[in-house]
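We name chains A, B, ... by the order of the sequence lines, and we start the count at 1 in each one.
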2 protein chains.
Amino acid sequence: MADVKSGVNPLFLREEELRQGMELLFYAYRDFTAEADDMLERLGFGRAHHRVIYFVGRNPSIPVTELLSILRITKQSLSRVLGELVRRGYITQRPGLRDRRQRLLELTPEGIELERQLSETQRQRVARAYRHAGAEAVEGFRKVMLGMVEERDRDKLAARSADRPVAVRR
Amino acid sequence: MADVKSGVNPLFLREEELRQGMELLFYAYRDFTAEADDMLERLGFGRAHHRVIYFVGRNPSIPVTELLSILRITKQSLSRVLGELVRRGYITQRPGLRDRRQRLLELTPEGIELERQLSETQRQRVARAYRHAGAEAVEGFRKVMLGMVEERDRDKLAARSADRPVAVRR
DNA sequence: GCAGATATGTCAACATGGCTGACGTAAAAT
DNA sequence: ATTTTACGTCAGCCATGTTGACATATCTGC
């Protein structure tokens, strides 16, 4: 009775369902990044620069180590792109007050403007998808996506929907 | 009365909501790929090899051009990884019957086994996220993700959930 | 049947962005 | 006083993306 063709096989359906989810991740990420990549190329930057600009803009005064733990790359890889962004005037570094070993990162006004432009198409893409799918679907999207993320990063992300400061840095 | 702190500003909330969605994409993709990348490295392959193996396994007898249109890379980039996979016995090529210019790609038994191993952790991650979020959330996830994908690829993906062959190739 | 388009492959050269390992300095923590 | 931490830097390697040019086989349209 293992009738594969009729789809009564729950294992087959499950596998198919999971593969569809995997593919959605691939396709969505592919298209999510494509437009910003074009813009970056015209500026002589790459996707790595965008990630740094994005997360510095999102976490003003972030120390280097924390940025590394978000990006999950080595400090050498980061310092290459970070150095360019600092030299070209998009990011500034200042020593931490409590811990003067730290270099706290901030976007300059130019950095803020660049971040805004770069993320604009991406925000629009997400906005469009949210609008078409509806509020309930968005809740489901968040739940599932959060479940894909490593546990140690979940709180940080889940907190984002609340209307309160997520972290306090001085 | 533009009280930013109290969150009554709908623009602020919307922006925050969208940025959270963007970050979910980044974090989920980062963690979705990490485990398989480790396994690939041990085999002397990279993520690009995985993508090729995955989509060839998913679309048996796929011609090269179609694979290129899925991956959105140049044929030179593809031919490098594809060549290695063919040489190392994970993929076979055979001429198309209707169009003998085509090289239709198939996984060998070794390729099927490798694909299974590589995707196993990813399937588990998706399965876990689906299980914890529930069926309704999964529907929402699908809707939103589909809305992020370029329109021309949506049909192909949406059809996947149905229990019928998606394409017929000979 | 010929001309042009298409599917594929290949070569050379280059850029981006990962990685490792080694080493150095300043400041904090014990 | 020593060790640990935060950060930076140098040199070099590898994977994977790019462009442009060119070759071959085959298909399609007139």
Side-chain angles (χ1 to χ4, degrees), chain A residues 26 29-30 33-34 36-56 61-88 91-105 169, chain B residues 26 29-30 33-34 36-56 61-88 91-105 169:
Chain A
F26 168 78
Y29 197 78
R30 180 197 68 177
T33 51
D37 283 353
D38 289 346
M39 203 181 308
L40 286 158
E41 207 193 329
R42 275 175 251 130
L43 292 161
F45 286 133
R47 196 182 291 179
H49 299 87
H50 187 187
R51 290 198 277 250
V52 170
I53 286 189
Y54 181 87
F55 284 109
V56 170
S61 297
I62 188 176
V64 172
T65 305
E66 192 178 331
L67 188 51
L68 284 174
S69 82
I70 290 174
L71 299 175
R72 301 258 178 99
I73 58 176
T74 59
K75 63 176 175 173
Q76 294 80 353
S77 299
L78 173 59
S79 87
R80 193 163 32 206
V81 291
L82 182 55
E84 293 175 53
L85 289 167
V86 169
R87 276 193 296 280
R88 289 176 58 177
I91 287 183
T92 56
Q93 296 168 306
R94 61 180 169 82
L97 286 186
R98 285 168 309 182
D99 185 339
R100 299 202 311 269
R101 291 171 303 179
Q102 293 180 331
R103 305 291 179 89
L104 306 185
L105 308 175
R169 251 187 298 269
Chain B
F26 168 78
Y29 197 77
R30 181 197 69 176
T33 51
D37 283 353
D38 290 346
M39 203 180 309
L40 286 158
E41 206 193 330
R42 275 175 251 130
L43 292 161
F45 287 133
R47 195 182 291 181
H49 299 87
H50 188 188
R51 290 200 277 250
V52 170
I53 285 190
Y54 181 87
F55 284 109
V56 170
S61 297
I62 189 176
V64 171
T65 306
E66 193 177 331
L67 189 51
L68 284 174
S69 80
I70 290 174
L71 299 175
R72 302 261 179 97
I73 58 175
T74 58
K75 64 177 175 171
Q76 293 80 352
S77 298
L78 173 58
S79 86
R80 191 163 33 207
V81 290
L82 182 55
E84 293 174 53
L85 289 168
V86 169
R87 277 193 296 280
R88 289 176 56 177
I91 287 183
T92 55
Q93 296 168 306
R94 64 181 166 80
L97 286 185
R98 283 169 310 184
D99 184 341
R100 297 202 312 267
R101 290 171 304 179
Q102 293 181 329
R103 303 292 179 89
L104 306 185
L105 308 175
R169 255 189 295 269

Hey, which sits more toward the 5' end of DNA chain D by its nearest nucleotide, B:Glu84 or B:Gln76? B:Glu84
Toward the 5' end of DNA chain D, which comes first, B:Arg101 or A:Asp99, by nearest nucleotide? A:Asp99
Please round to the nearest 0.5 Å and tell me the distance separating atom [atom1] of [X] and atom [atom2] of [Y].
{"X": "A:Ile62", "Y": "A:Gln102", "atom1": "CD1", "atom2": "CD", "result": "10.5 Å"}
{"X": "A:Phe45", "Y": "A:Glu84", "atom1": "CZ", "atom2": "CD", "result": "6.5 Å"}
{"X": "A:Leu82", "Y": "A:Ile53", "atom1": "CG", "atom2": "CD1", "result": "10.0 Å"}
{"X": "A:Phe26", "Y": "B:Arg51", "atom1": "CZ", "atom2": "CZ", "result": "6.0 Å"}

Nucleotide of [options] approaching [X] most closely (side-chain heavy atoms):
{"X": "A:His49", "options": "D:dC7, C:dG17, C:dG9", "answer": "C:dG17"}
{"X": "B:Thr74", "options": "D:dG17, C:dG17, D:dT19", "answer": "D:dT19"}
{"X": "B:Lys75", "options": "C:dG9, C:dG18, D:dG17", "answer": "C:dG9"}
{"X": "B:Arg47", "options": "D:dT16, D:dC27, D:dT9", "answer": "D:dT16"}
{"X": "A:Ile73", "options": "D:dT9, C:dG18, D:dT26", "answer": "C:dG18"}

Return yes if the base of C:dG18 and the side-chain atoms of A:Arg80 contain a donor-acceptor N/O pair under 3.5 Å, otherwise no. yes
With nearest nucleotides of DNA chain C determined for B:Thr65 and A:Ser77 from heavy-atom distances, which residue corresponds to the more 5′ nucleotide? B:Thr65
Look at the side-chain N and O atoms of A:Arg51 and state whether any lies under 4.0 Å from the OP1 or OP2 oxygen of C:dG18. yes
Does a nitrogen or oxygen in the side chain of A:Arg98 sit under 4.0 Å from OP1 or OP2 of D:dT5? no
Rounding to an integer number of Å, can you tell me how far [X] [atom1] sits from [N] [atom2]?
{"X": "A:Arg100", "N": "D:dC7", "atom1": "CZ", "atom2": "C1'", "value": "15 Å"}
{"X": "B:Leu104", "N": "D:dA25", "atom1": "CG", "atom2": "C1'", "value": "15 Å"}
{"X": "B:His50", "N": "D:dA15", "atom1": "NE2", "atom2": "P", "value": "17 Å"}
{"X": "A:Leu71", "N": "C:dC19", "atom1": "CG", "atom2": "P", "value": "10 Å"}
{"X": "A:Leu82", "N": "C:dG17", "atom1": "CG", "atom2": "P", "value": "13 Å"}
{"X": "A:Gln93", "N": "D:dA6", "atom1": "CD", "atom2": "P", "value": "16 Å"}
{"X": "B:Arg94", "N": "C:dA7", "atom1": "CZ", "atom2": "C1'", "value": "16 Å"}
{"X": "B:Arg103", "N": "C:dT6", "atom1": "CZ", "atom2": "C1'", "value": "14 Å"}

Classify the nucleic acid contact of B:Glu41 as base, sugar-phosphate or nothing, counting any heavy atom under 4.0 Å across all strands shown. nothing
Below 4.5 Å, heavy atoms only, C-beta onward: do A:Asp37 and A:Leu40 meet side chain to side chain? yes
